Every structure is written in C-alpha cells, then in structure tokens.
Amino acid sequence: MREDRPDFPAYEAPRAPSVPALDVCVARCRACPRLVAWREQVAREGRRAYAGWDYWARPVPGFGPDDAALLVVGLAPAAHGGNRTGRMFTGDRSGDVLFAALHRIGLASQAEATARDDGLRLTGVRITAPVHCAPPANRPTPAERDTCRPWLVRELRLLRPALRALVVLGAYGWQAVLPAAAEAGWTVPRPRPVFAHGARTALAATDGGADLELFGCYHVSQRNTFTGLLTPDMLTDVLRAAAGAAGLRTPYRA
C-alpha cells in the first residue's frame, strides 16, 4: 500500500509481526499531509545550532526493548528534537529531563540523549507517542491523532505479554492512550479516568491477560519544567512508582 494513503497505518499496523517490524513501518508513513509538509520544512530550514545536521524528517518510531514491562507515552516528536535525531525525546531539553530521571532510577544507561548512536540503552522501559510526526506548534489535530492511533494500538498489543505499567506524559497523551488501550485488550473504566499528575488507575484485561497500571504525569515540556510545574523529583517519583508496579528494580542514583 502507498505510504501517503490516509489508511496506511490502519492497513499496515495490524500486519506488523514484531515491534522492530512495526518501527520500520512507522518510519515509512506519509499518511498526514500537513505533518509530512511540516517535518520536511523544518528539516530544510534547520536551525543555526544544528547547521549541517542531516535531519531524520520522518515519523519517529518508539524507542526501547520490545519486551518492556513499562511504557512511557509522550505527545509527539519535537521539531528539532526527535524530528532531527530520529529517536524519541532525543536531542531536546524535554528529553534531557526524562532521560536524567530514568537514569536516576536505573532504567537508562546514561542521563543524556543526543543522537541515535550515542550509546544510550533502556532497561525494561520503552518510550513512544500517540503521534509519530512533529506537528506545527506541537499541536496535532484530532484527525492526525486518530490516523496515527493504529500504530499505538499495535505497539501495545505486541508489548502485551510483558507490559504491566504505562506512564502518560500530559493530558493529550492520556486522552489518546485510553481508546488505544481499549482496542489493545484492556477495559477502560466508566466514567473514564481523568488526567492528573500522580493519577493512577488499573485497566483490567479483557482476555484473561495481565492488567495494566496507568499513571499520569505532567509532560516534560520546557514550559512545565522551567516554571516548576514539574520538578525532577516529581517526575522521578511517578516513574519509580510505575516501575515498581511493572516489577522492575530501580536502584537510585543521586
């Protein structure tokens, strides 16, 4: 199927036999014209700080092991972050905060993420997003979110044998995750859980599999971290709680 068809994700995602195969399919997608135009425009124009950088300028797949017990879900790649480096939360200040926290609790091999080949490795945790292309003004449309949803649904299904906990960064991701989780095999309570920092709710499995513990956390955006709405300790506390729910050991690094 042509990558620029709007139903490309819905057709290709269910056919991906593994997480690595899904990642390859995600990176080929051109289903949303506005997002394709924007990510490629950003790559052409660049930024002075990244002069000479060969931008990824494609959808950014998830990052981390395909048997992760914990999944962290953001919003979308940053125009000069993941859209540049080709890896989620890599090369921007939001990622600096997130990976520092993951390193602090022993789930990331290093505290900084600068490029796909920087040697960073994650243990027991994977990072993804409900929208895989950088959107203008960091605001994907509802239609773009829905077009991209099959990738997240398939990722959840492929991770399902090991997945035990999920941390959602921000209200947008929370709203996107709930219907995806329902499609992937978990029951979403009614009324739907409301997003809040520190929120926690259990999603019961619909097929006899493992339940999923869902955690809410303010997004690691520059706005939130610069204003103190989200502090490193607040982020670390949520990640540690989720890692514990997922059965992961989290030795603390000062």
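On a predicted model such as this, the values are computed, not experimentally measured, just so you know.
T90 pairs by the side-chain contact (heavy atoms from CB on, under 4.5 Å) definition with T85, R87, F99, A113, not counting sequence neighbours. Qualifying side-chain hydrogen bond (donor to acceptor under 3.5 Å, both in side chains) partners for E155, counting only residues two or more places apart in sequence or in other chains: R126, T128.
The nearest pair of heavy atoms linking R39 to A57 is NE-O, 3.1 Å. Of all the heavy atoms in G216 and F195, the pair that sits closest is CA-CE1, 4.0 Å. Of all non-hydrogen atoms in N83 and P77, the two that sit nearest each other are N-CB, 4.1 Å. Heavy atoms only, all atoms of each residue included: P65 and L159 are closest at O-CD2, 4.2 Å.
Side-chain N/O atoms of H80 and Y55 include a donor and acceptor closer than 3.5 Å.
A donor-acceptor pair under 3.5 Å links the side-chain atoms of R157 to the main chain of E183, judged by distance alone.
With hydrophobic clusters built from ILVMFWY side chains whose heavy atoms lie under 4.5 angstrom apart, V26 does not share a cluster with W38.
Counting heavy-atom neighbours within 6.0 Å of D54 CG, excluding the residue itself, gives a total of 12 or less.
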In a table with atom names and distances, give each donor-acceptor pair under 3.5 Å that connects a side chain of residues 198-206 to protein atoms at least two apart or in another chain.
unit_1 : atom_1 : unit_2 : atom_2 : d
R200   : NE     : E213   : OE1    : 3.0
T206   : OG1    : G185   : O      : 3.0

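With respect to the salt-bridge test (charged N to carboxylate O, under 4.0 angstrom), the residues D96 and R93 do not qualify.
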